[in-house]
J.: 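Here it is, the structure, as structure tokens.
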Amino acid sequence: MNKFYITTPIYYVNAKPHLGGVYTTLAADVLARWHRMKGEKVFFLIGTDEHGEKIAKKAEEQKMTPQQLCDQNAARYEQAWDTFSISYDRFIRTTDPEHEKTVTDVMKDIYNKKLIYKGTYHGLYCVDCERYYTAKELVDGCCPLHQKKAVVLSEKCYFFKLSAFQRPLLKMILKNEWIIEPEERRNEVLGFLKNEKLEDLAISREKVKWGIPVPWDNSQTIYVWIDALLNYLSGINWHPNEEKRPEQWPPDIQLIGKDILKFHTIIWPAMLLSLGIPLPKKIYAHGFFTVEGQKMSKSLGNIIDPEELAVTFGAEALRWMILSLFPFGQDGDISQTKFYDKYNAELSNGLGNFHRRVLTLAAKKDIYPLHEADDFKRKIKSVWEKYETSLDHLKFESALTSINDLIGFCDKYINQKEPWKLFKKDIAEYQKVLYNLLEGLRHLGWLIQPFMPEKSNQIFASLGLDNLEKEKPLTKGKQWGQTEFKKTIIGEILFPRL
RNA sequence: CGCGGGGUAGUAGCAAUGGCAGCUCGCCAGGCCCAUAACCUGGAGGUUGCAGGUUCGAAUCCUGCCCCCGCAACCA
């Protein structure tokens, strides 16, 4: 049995779940479910990133300890993932003791390999904020919050010899030993590695107290990004001894947003090369949302809250819509109107209406015996082919298009055959036509399963099949003519029109 | 010349990386009455940002220009 280890980034707990994170996580969940459906041994890791100055500061503002703040916000994430039916195998938190142990082990290992050295970090520091700013963030050299001149400050810290990995990484990308998708993102990293000089990375901080201590120097804590990236190891119970390494390693795919591309395609593999372990098989960076052409941001006040969307449309519908709006990997524009359009067009008028149409017709008889139907069989086969290729290449929107295609085919078939007339004059033919349609619906139940698991169950239930279907392997389920249909149930409207 | 992406029918949204330019929504006309005012058929509507080039053939490849967006080490 093939294993399939998939990860999302861990989210920073200083705020509630953001649409971007929900997007990554939904995509990952669809993949996880798809690979499970194919019979693979899936391990799906998600989590929260909880250390760093921002958390400490926020906790102080709210008169809590950092740990209390983290607990509170991590719970909100868990709740959100529950709402969206995220089928994760583990929720790792960077404040988990196992994680801290892994970070300590890994850092020691890299330190022992002489890839970490002591140095001095110089940065622009705002005394009032008690934090460093990048030159870009400053306005006329002043802190944007306090309008005070930032001062150049130095502190002792440890550096990771990132510069040593510039050439090896470049080579590995060119030889496709290190796979970054989609192509645009690969080009971006390649361009960066070719044109810019990679500098050693400050991986510890003296002033940040809320973090994991540097194992050999308690006056320092580990830089949050280094801490965070290692969750992909701690999440599968990493062990420093080679014989006790978890079987899940390496990840088969790691999904990220394009904003954290460099962390995952430069720093992360450099750390793994330092450890001498295999790199993830693939990093896939998806695009961003714009809202009616503009960047989604707090200052513009155009933030779309995923949990509110789930209330309006239902979590399952949202899972479908968000992945069908534009190709994964690219940027895409969204708006409230678009969600309504999608929902009504594809879910209410499409899948939902078809479901009800067929079941209302099916209620006219009790039994629909199994039989062969070449045209239907061919169509369903070609839909499955397109669907599978699409999902294997992370083309979610294209997989969903193939589902819509099957619904369209079935709707046309009803209009052509006019089964409500056949019922009055040719019962045998009527039963055949309905069998085909019910079988079409059964396949739709399978096809939507990774995207809308609950709705998929509802469809099976209304076909009177229920658990019978779920126990079948995919190879069997996707074949024509599994069973006769009896005692179908109309049930509730799948997607009420909005 | 910092890096990367993009400009396709209605002031709407997106497919299509060399082979007759398609889909969603909207609009117009018809059909059906099983269904959630739904579904089906037909129609109008594009010199694919501009200008050159390669090719039997270009939205797609090359060159130049115009415009938009993201990134530039800690905000998905």
Side-chain angles (χ1 to χ4, degrees), chain A residues 8-9 11-12 14-15 17-25 49 52-54 131-137 162 182-196 198-199 201-202 223-226 228 256-263 266-267 286-290 292-298 306 324-327 329-335 337-338 340-342 344-350 352-364 397-398 401 404-405 407-408 410-423 434 437 490 493-498:
Chain A
T8 69
Y11 304 109
Y12 206 51
N14 64 341
H18 181 280
L19 188 62
V22 169
Y23 184 55
T24 320
T25 309
D49 180 9
E53 207 168 57
K54 275 188 201 164
R131 62 161 281 200
Y132 286 97
Y133 280 94
T134 58
K136 185 191 78 168
E137 289 176 309
L162 187 61
E183 179 116 36
E184 304 93 273
R185 300 279 91 82
R186 178 178 182 264
N187 290 342
E188 197 173 328
V189 178
L190 270 178
F192 182 80
L193 286 174
K194 278 181 192 162
N195 302 321
E196 312 279 323
L198 212 53
E199 290 183 22
L201 181 73
Y223 171 44
V224 288
W225 261 105
I226 297 294
I256 58 169
K258 66 176 184 178
D259 56 324
I260 49 176
L261 183 67
K262 284 179 190 166
F263 297 102
I266 295 173
I267 299 176
H286 65 71
F288 273 15
F289 297 106
T290 52
E292 291 174 39
Q294 288 183 302
K295 184 173 172 167
M296 200 191 306
S297 76
K298 280 177 197 146
S324 76
L325 282 167
F326 55 92
Q330 296 180 23
D331 287 351
D333 194 58
I334 60 170
S335 65
T337 320
K338 281 182 192 170
Y340 277 100
D341 285 352
K342 267 283 173 201
N344 284 327
E346 292 179 0
L347 296 174
S348 294
N349 300 348
N353 182 58
F354 171 67
H355 171 256
R356 197 162 177 82
R357 262 185 119 175
V358 173
L359 289 165
T360 308
L361 287 165
K364 289 173 186 288
E397 115 290 350
S398 155
T401 302
N404 286 333
D405 184 31
I407 297 167
C410 291
D411 269 329
K412 270 185 201 84
Y413 185 78
I414 300 183
N415 283 51
Q416 276 162 17
K417 296 288 180 183
E418 303 186 307
W420 53 92
K421 285 184 186 165
L422 286 176
F423 182 70
L434 257 290
L437 291 167
I490 297 178
I493 286 181
L494 286 181
F495 305 98
R497 210 162 196 287
L498 294 175

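The chains referred to below are lettered A, B, ... by the order of the sequence lines, with proteins before strands, and numbering in each begins at 1. These values consider heavy atoms only, across backbone and side chains, with no hydrogens, waters or symmetry-generated copies.
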J.: Mind checking the C1' distance from C32(B) to G46(B)? Whole angstroms is fine.
T.: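 Each nucleotide's C1' atom is 33 Å from the other's.
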
J.: For a quick check of understanding: with a heavy-atom distance under 4.0 Å over all strands, which category does Y12(A) fall into, base, sugar-phosphate or nothing?
T.: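 Nothing: the residue Y12(A), judged by heavy atoms under 4.0 Å, touches no strand.
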
J.: As a test of reading the structure: which of A76(B), U36(B), C40(B) is closest to the side chain of L494(A), going by heavy atoms?
T.: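 In terms of side-chain proximity for L494(A), the closest of A76(B), U36(B), C40(B) is U36(B).
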
J.: When we call it a touch if two heavy atoms are under 4.0 Å apart, what does P9(A) touch: a base, just sugar-phosphate, or nothing?
T.: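 Nothing, no heavy atom under 4.0 Å.
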
J.: Between U36(B) atom C1' and E346(A) atom CD, what is the distance in whole Å?
T.: 16 Å

J.: Describe the nucleic acid contact of T360(A) in one word from base, sugar-phosphate, nothing, applying a heavy-atom distance below 4.0 Å.
T.: sugar-phosphate

J.: Enumerate all atom pairs, one protein N or O and one N or O from nucleotides 30-32 of chain B, separated by less than 3.5 Å.
T.:
| unit_1 | atom_1 | unit_2 | atom_2 | d |
| --- | --- | --- | --- | --- |
| G31(B) | N2 | N415(A) | ND2 | 3.3 |

J.: For C39(B) and U48(B), measure between their P atoms and round to the nearest Å.
T.: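 Taking atom P in both C39(B) and U48(B), they lie 32 Å apart.
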
J.: What's the gap between A9(B) and G22(B) when it is taken at their P atoms, as a whole Å value?
T.: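 The answer is 14 Å between these two P atoms.
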
J.: What is the distance, to the nearest angstrom, from the CD atom on Q416(A) to the P atom on C40(B)?
T.: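 Atom CD in Q416(A) sits about 11 Å away from atom P in C40(B).
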
J.: Out of A73(B), U36(B), C3(B), which nucleotide sits closest to the side chain of I493(A)?
T.: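 Closest nucleotide to the I493(A) side chain: U36(B).
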
J.: Please state how far atom CD1 in I407(A) lies from atom P in C23(B), giving the value in whole angstrom units.
T.: 17 Å

J.: Rounded to the nearest angstrom, tell me the gap between atom CD1 in I266(A) and atom P in C71(B).
T.: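 Taking CD1 of I266(A) and P of C71(B), I get 16 Å after rounding.
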
J.: Check the distance between A12(B)'s P and K342(A)'s NZ and give it to me in whole angstrom.
T.: 18 Å

J.: Counting any heavy atom closer than 4.0 Å, what does D411(A) reach on the DNA or RNA strands: base, sugar-phosphate only, or nothing?
T.: sugar-phosphate

J.: Starting the side chain at C-beta, find the nucleotide from G13(B), A76(B), C34(B) nearest to R357(A).
T.: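 Between G13(B), A76(B), C34(B), the one nearest the side chain of R357(A) would be C34(B).
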
J.: In whole angstrom, what separates D259(A)'s CG from G70(B)'s P?
T.: 13 Å

J.: Which nucleotide in the list G13(B), A73(B), A76(B) gets nearest to the side chain of H18(A)?
T.: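 Selected nucleotide: A76(B).
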
J.: A345(A) has a side chain; which of C34(B), C25(B), C71(B) sits nearest to it?
T.: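 Selected nucleotide: C25(B).
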
J.: Among the candidates A76(B), C39(B), C25(B), find the nucleotide nearest to the side-chain atoms of N349(A).
T.: C39(B)

J.: Classify V224(A) by what it touches in the nucleic acid, base, sugar-phosphate, or nothing, heavy-atom distance under 4.0 Å.
T.: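 Touches a base.
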
J.: Nearest of G4(B), G13(B), C25(B) to any side-chain atom of R185(A)?
T.: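 Among G4(B), G13(B), C25(B), the one nearest the side chain of R185(A) is G4(B).
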
J.: Please work out if G352(A) contacts a base, only the sugar-phosphate, or nothing of the nucleic acid, heavy-atom cut-off 4.0 Å.
T.: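 If one applies the 4.0 Å heavy-atom cut-off, G352(A) turns out to touch a base.
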
J.: With a non-hydrogen cut-off below 4.0 angstrom, is L359(A) in contact with a base, only sugar-phosphate, or nothing?
T.: nothing

J.: With C1' as the reference atom in both, quote the distance from A16(B) to U60(B) in angstrom, rounded to an integer.
T.: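 The same atom, C1', in both gives a distance of 9 Å.
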
J.: Please work out if P496(A) contacts a base, only the sugar-phosphate, or nothing of the nucleic acid, heavy-atom cut-off 4.0 Å.
T.: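 If one applies the 4.0 Å heavy-atom cut-off, P496(A) turns out to touch a base.
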
J.: Should the heavy atoms of other residues, nucleotides or ligands under 6.0 Å from CD of E418(A) be counted, would the total exceed 12?
T.: yes

J.: In this structure, how many angstroms lie between the C1' atom of C33(B) and the CG atom of N353(A), rounded?
T.: 12 Å

J.: For a quick test of reading the model: is some side-chain N or O of R356(A) closer than 4.0 Å to OP1 or OP2 of U36(B)?
T.: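 For U36(B), OP1 or OP2 has a side-chain N or O of R356(A) closer than 4.0 Å.
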
J.: Rounded to the Å, how far apart are L261(A) CG and C3(B) P?
T.: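 Whole-Å distance recorded here is 17 Å.
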
J.: Look at the side-chain N and O atoms of K54(A) and state whether any lies under 4.0 Å from the OP1 or OP2 oxygen of C75(B).
T.: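 Answer yes for this pair, as a side-chain N or O of K54(A) is under 4.0 Å from OP1 or OP2.
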
J.: With the side chain of Y223(A) defined as its heavy atoms from C-beta on, choose the nearest nucleotide among U36(B), C34(B), A73(B).
T.: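 Taking heavy atoms from C-beta onward, the closest nucleotide is A73(B).
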
J.: Have a look at K364(A) and say if it touches a base, only the backbone sugar-phosphate, or nothing, with a 4.0 Å heavy-atom cut-off.
T.: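 The answer is nothing, as K364(A) stays clear of every strand by at least 4.0 Å.
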
J.: Taking only side-chain N and O atoms of N187(A), does any of them lie within less than 4.0 angstrom of OP1 or OP2 on C3(B)?
T.: no

